[in-house]
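Everything below concerns the one structure shown next.
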Amino acid sequence: MKILTGNDLKTGDVIWWTGAGWSRHVDDAADVGDAGNEILATEEAARRVNVPYIIEATREEDGAVRPAHIKDRVRALGPTVRPDLTLKPKDPSALDWVI
Amino acid sequence: MVDSLGTSPDEVQFRFRDDEVADHGTVTVDACCDQTNATAVRIEPGDDARVLLPFVDRLALIEVNFPSFADGRGYSAARILREAGYTGELRAVGDVLIDQLSHMRRCGFDAFAPDTPLDEEDARRAFATWENVYQHAQDTSSGRRRTIVELRHE
Amino acid sequence: MYKYDTYDQAMVDARVAEFRDQARRRLEGKLTEDQFKPLRLMNGLYLQLHAYMLRVAIPYGTLNSAQMNALGDIADKYDRGYGHFTTRQNIQYNWIKLEDAADILEDLSKVEMHAIQTSGNCIRNISSDHFAGASHDELIDPRPYAELLRQWSSFHPEFTYLPRKFKICVIAAEKDRAAMRLHDIGIQIVEQNGEIGARFFVGGGMGRTPMVAPMIRDFVPLDQLITYAEACLRVYNRYGRRDNKYKARIKILVHELGKEEYTRQVEEEFAHLLDQGIEPPLAEIARITEYFADPAFEDGAKTVDRSDPDFALWVDRNTHRHKHDSYVSAVVSLKPVGGIPGDASGEQIRLMARLSKQYSFDELRIMHTQNVVLPHVKIEDLHALWTALDAADLGAPNMDTIEDMIACPGLDYCALANARSIPLAQRISERFDASGKTEKLGELKLKISGCINACGHHHAGHIGILGVDKKGKENYQLSLGGSEAEDVSLAKITGPGFDEDGVIEAVETVTDVYLAQKQGEERFLDTYRRIGMAPFKEALYG
């Protein structure tokens with residue numbers, strides 16, 4: 001599926017388009033189908049997202065969203081070398097998920 | 001034979017000269033070398049400004065085009081022309097934005113014709129950006145102001 | 001070290017106000033990201049993988065305890081408790097908010113610091129030897145010239161929109177401890193016939209197409225230094241390529257024109273510029289030089305008590321001979337075994353500040369190898385210093401060993417990266433420490449880059465590792481035989497790449513080849529240069 005991601009303009013936080021707004025959690029990401037560019041343009045112009053782009057992702061069985069490229073998985077979680085600074089500091093399998 | 005090249009006086013949004021705004025047909029650098037009566041020329045980023053040095057005395061207007069604000073070749077062209085003694089209007093045209101105005105002024109531009117008109121108040125502040133300057137450029141070597149280093153050792 | 005006068009202070013204060021206004025215009029939508037990006041880059045503010053990243057300038061790697069303290073406070077107040085010291089002697093913060101950026105710049109301005117021109121297509125931080133002004137083997141302290149160049153290059157109106165970034169380095173010794181030959185302009189202060197002048201090397205760099213800078217001018221009198229630099233820059237601004245981002249550095253221009261033609265153009269421009277009178281008067285370099293006078297050194301012990309073997313090892317590895325025989329320069333390692341190279345917590349940064357005040361005349365240096373230096377430590381204070389460092393996990397006795405590796409932030413932090421570099425560094429460090437091999441290998445400069453931009457300087461590694469993307473997976477190329485010192489050379493790739501486990505094994509393999517083939521006191525680099533690539537290739541690929 002295709003999902004949208006970018007950064008929050010003010011804070012720089014990595015954010016994902018949910019269909020209704022922007023979330024910091026990749027599992028909230030919605031499949032935008034072919035409407036990605038249109039949504040991007042609107043959201044960027046309204047400054048609700050900075051430097052947005054479309055990526056490929058898959059929906060896992062448990063509903064989790066997995067970006068296709070490792071770079072976006074690092075963005076989704078946080079630096080693999082500082083688990084304490086990631087969105088899932090207590091999850092030991094989070095690192096495997098990124099790689 | 002007037003080119004459609006060049007900006008008109010109406011498009012000059014900011015100007016730091018007392019004389020009349022130059023309203024001559026602007027020619028390319030190549031044409032300028034061939035035409036002995038051209039008084040206005042337009043430099044593109046890839047042109048060598050020094051090609052114009054034999055003609056600086058008869059030129060009233062040199063436009064320097066910035067197709068993209070990120071292409072900084074025009075700044076060198078401006079300084080080279082002023083260093084060679086050009087005293088006519090030196091006009092920055094094209095993708096001229098607020099945050100380039102002060103650097104352009106320092107390099108010797110005295111007229112500005114941005115593609116998109118700029119906010120007057122933002123521009124006024126932009127031209128006043130540098131209370132003092134570290135290094136020499138056209139404004140200091142012309143004596144219009146002194147560098148910080150000169151001020152330190154007066 | 002240099003202290004701002006009212007002009008310098010007014011300049012940074014004005015820049016803070018200007019950036020505050022630019023950020024406001026961005027947040028209000030008056031500037032698009034395309035318009036704001038070059039402006040924020042000129043204040044060192046990047047948008048990276050996790051947040052905005054701010055790169056703070058540490059001019060020629062020199063700072064005092066008040067400044068170091070401020071850096072520690074910024075880490076805690078605005079970031080997530082740590083900073084990263086970089087391969088250009090700067091510091092980076094990874095978790096910055098745009099809405100805080102102007103406040104951070106304001107805090108920095110209060111201690112005479114800034115983030116000016118640490119990014120963008122302009123002249124960047126002037127780098128220098130981290131032992132400048134302290135080392136026994138220098139002609140003079142190069143830093144006054146670095147400061148002169150810093151001011152000249154700050155907001156230079158002609159050179160703010162160059163084809164690409166521009167990096168200048170100044171040293172004043174035959175030994176090159178600053179990778180001077182791998183800079184866009186490298187300057188070596190030299191003496192000729194009793195006169196001091198600048199030797200210019202132009203067109204070096206790493207990145208996609210590494211090149212060693214050729215010498216362009218053997219001797220520029222010091223009262224023409226700025227004019228000559230201006231000529232070099234003007235030729236680049238006019239003729240550097242702008243059609244292709246990956247061919248836009250000056251090294252490509254020098255390479256494509258040829259050294260002779262580039263030199264000819266520079267000399268022509270230089271002759272013209274000499275008539276324009278743009279050189280600062282000698283009184284200015286004299287004024288700046290006064291700030292770099294030696295501190296009040298005192299005679300004292302010239303040797304240490306070596307009875308503690310851990311201390312003795314640290315002294316042997318981590319101290320550098322000083323021009324005064326009662327002092328040394330001490331290297332504070334930011335490479336604890338298994339740690340993240342170059343990272344330091346707010347707490348550690350403030351500790352280093354305190355220690356510099358107590359033991360090093362209130363001065364610190366940042367090394368391009370991502371460590372910190374206390375330049376003037378009394379030999380009789382070394383044990384107390386080491387004890388304090390050791391307690392704070394800053395006492396690793398591993399300078400210039402394989403554990404003292406350079407690693408860029410890589411895919412864990414950087415939007416440009418193809419692969420993670422830090423985990424590699426951690427695993428190699430742990431493995432070689434555990435097996436005791438670090439000790440046996442002696443001087444071995446391992447450098448890891450997470451992408452072809454080479455911020456980890458892998459081209460200049462005795463062993464270099466480059467992270468690449470191979471069909472969506474992280475892969476690593478191994479190279480051997482690079483050097484960033486005065487015996488400068490570019491590393492050569494061994495052959496096909498490896499996955500993460502594979503490249504760690506490969507490092508074991510090549511170091512085993514070295515140990516088996518080593519003659520006398522040869523370093524890894526020397527053995528490689530003597531026996532060539534073949535034995536290593538054979539061992540790696542069979």
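Just so we're on the same page: letters track the sequence lines, and every chain starts at 1.
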So does E28(C) get a backbone contact from the side chain of R47(A), meaning a donor-acceptor N/O pair under 3.5 Å?
yes
Using only atom types and a distance under 3.5 Å, with no angle test, would you say the side chain of R75(A) pairs donor to acceptor with the backbone of H50(C)?
no
Does R82(A) qualify as a cation-pi partner of Y82(C), given the criterion of NZ or CZ under 6.0 Å from the six-membered ring centre and within 45 degrees of its axis?
yes
Can you find a pair of side-chain heavy atoms, one from K10(A) and one from L98(C), that are under 4.5 Å apart?
no
Does the side chain of Y413(C) come within less than 4.5 Å of V74(A)'s, by heavy atoms?
no
Using heavy-atom distances under 4.5 Å, tell me whether [X] contacts chain A through its side chain, its backbone, both, or neither.
X: E500(C); result: neither
X: Y52(C); result: both
X: L411(C); result: both
X: A417(C); result: backbone

Max heavy-atom pairs within cutoff under 4.5 Å with chain C, candidates V98(A), L85(A), L77(A), D13(A), goes to L85(A)
Look at P79(A), A45(A), G12(A) and state which one has the largest set of heavy-atom pairs under 4.5 Å with chain C.
P79(A)
NZ of K473(C) to CD1 of I70(A), rounded to nearest 0.5 Å, is 8.0 Å
Starting at NZ of K71(A), measure out to CG of L416(C) and round the result to the nearest 0.5 Å.
6.5 Å
Do H69(A) and D469(C) have a side chain donor and acceptor closer than 3.5 Å?
yes
Can you tell me if R26(C) and N50(A) form a side-chain donor-acceptor pair at under 3.5 Å?
yes
Looking only at heavy atoms, the pair that brings V14(A) and L49(C) closest together is CG2-O, 3.0 Å
Minimum heavy-atom separation for T11(A) and A51(C), please, with both atom names.
O-CB, 4.3 Å
Note: vs chain A, highest number of non-hydrogen pairs under 4.5 angstrom among G472(C), A415(C), A23(C) is A415(C)
